Amino acid sequence: MHKEHLSNDEFFEKLSGLFTATSDHGSIYLTQKRMTYGEDTEIKSEEPSPSQPSPDSDPSKPFPIIIRATNGKSKEKRDKKIKLSTIVEADVLESFYTKYADICKSKMSALKKRDRSKAKERLKAKKKKGGAAGAGAGIADVKKI
């Protein structure tokens, strides 16, 4: 079940393909997470102590980041689900994010801009209704006195 991670360049190629495949319809989920060093790494973390409750808070080497992308297919369509992941070391993180942002921006051009005109109309109508009702209630109170 464990799948090897792609190299950064392979990840970018496949991510571009994933964006292209879902350009007219579909979702892409992008996640990132800080990795920790486990037993299979050469860096050993210390045991928790009162002065340092989390040994990960001061590592001797910066943690890598795992970046994942999926097309988000459900259980019924699991055979069509595409999962991509890569591990990015801390020293190449800035150049990775630059290329990652360029790909995401260029491939998200098919997104529609949100139509806010209806929301503005509703807000104006609500203010108009609320303003008139508030003024009418004030006048009615004056007449009662």
Side-chain angles (χ1 to χ4, degrees), residues 1-139 141:
M1 187 170 166
H2 185 274
K3 193 175 177 184
E4 287 296 315
H5 302 290
L6 301 170
S7 72
N8 293 347
D9 292 330
E10 289 174 324
F11 178 79
F12 289 133
E13 289 174 21
K14 298 218 180 203
L15 183 62
S16 292
L18 187 60
F19 273 114
T20 305
T22 58
S23 62
D24 49 330
H25 188 304
S27 299
I28 294 177
Y29 296 92
L30 303 169
T31 59
Q32 58 187 12
K33 181 178 174 183
R34 184 191 82 164
M35 295 185 66
T36 58
Y37 295 108
E39 295 177 11
D40 58 338
T41 60
E42 57 213 41
I43 298 173
K44 299 292 180 189
S45 61
E46 300 173 12
E47 291 297 317
S49 65
S51 63
Q52 190 177 20
S54 175
D56 291 345
S57 63
D58 186 30
S60 58
K61 182 180 175 190
F63 291 107
I65 306 272
I66 183 167
I67 309 285
R68 294 183 181 124
T70 182
N71 60 351
K73 295 291 181 187
S74 63
K75 289 182 181 180
E76 295 83 33
K77 299 177 184 176
R78 193 164 302 250
D79 58 329
K80 296 179 184 176
K81 188 168 189 169
I82 298 170
K83 290 182 173 183
L84 309 173
S85 66
T86 188
I87 296 176
V88 185
E89 295 297 329
D91 55 339
V92 295
L93 198 56
E94 191 170 332
S95 62
F96 177 87
Y97 275 136
T98 303
K99 192 169 181 180
Y100 184 63
D102 289 341
I103 289 175
C104 289
K105 285 178 191 175
S106 67
K107 300 298 182 177
M108 289 186 188
S109 61
L111 293 176
K112 295 179 186 173
K113 190 168 182 176
R114 192 170 151 194
D115 184 16
R116 297 177 186 237
S117 60
K118 290 180 183 177
K120 284 183 181 179
E121 288 174 15
R122 278 191 232 126
L123 184 61
K124 283 182 183 178
K126 194 174 188 180
K127 281 185 179 179
K128 197 173 187 180
K129 213 182 225 186
I139 294 169
D141 290 340

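Quick caveat: nothing in here was measured; it's all calculated off a predicted structure.
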Test side chain to side chain donor-acceptor pair (under 3.5 Å) applied to [X] - qualifying residues, sequence neighbours left out:
| X | value |
| --- | --- |
| E13 | none |
| S7 | E10 |
| N71 | none |

L30 versus Y100: any side-chain heavy-atom pair under 4.5 Å?
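Yes; the side chains approach each other to less than 4.5 Å.
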Distance (rounded to the nearest 0.5 Å) between [X] [atom1] and [Y] [atom2]:
| X | Y | atom1 | atom2 | answer |
| --- | --- | --- | --- | --- |
| K99 | D9 | NZ | CG | 4.5 Å |
| Y29 | K83 | OH | NZ | 13.5 Å |
| K120 | K118 | NZ | NZ | 14.5 Å |
| L93 | I67 | CG | CD1 | 7.0 Å |
| M35 | E89 | CE | CD | 8.5 Å |

Mind listing the closest non-hydrogen atom pair of L84 and L18 along with its distance?
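Residues L84 and L18, closest heavy atoms: CD1-CD2, 4.2 Å.
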Shortest non-hydrogen contact from F63 to A90?
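Scanning both residues, the minimum pair turns out to be O-CB, 4.2 Å.
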Can K14 and T86 be said to form a side-chain contact (heavy atoms from CB on, under 4.5 Å), step by step?
CA-CA 11 Å; K14 298 218 180 203; T86 188; over 6 Å; no
Quick one: do I65 and Y97 satisfy side-chain contact (heavy atoms from CB on, under 4.5 Å)? Show the steps, please.
CA-CA 11 Å; I65 306 272; Y97 275 136; 4.2 Å; yes
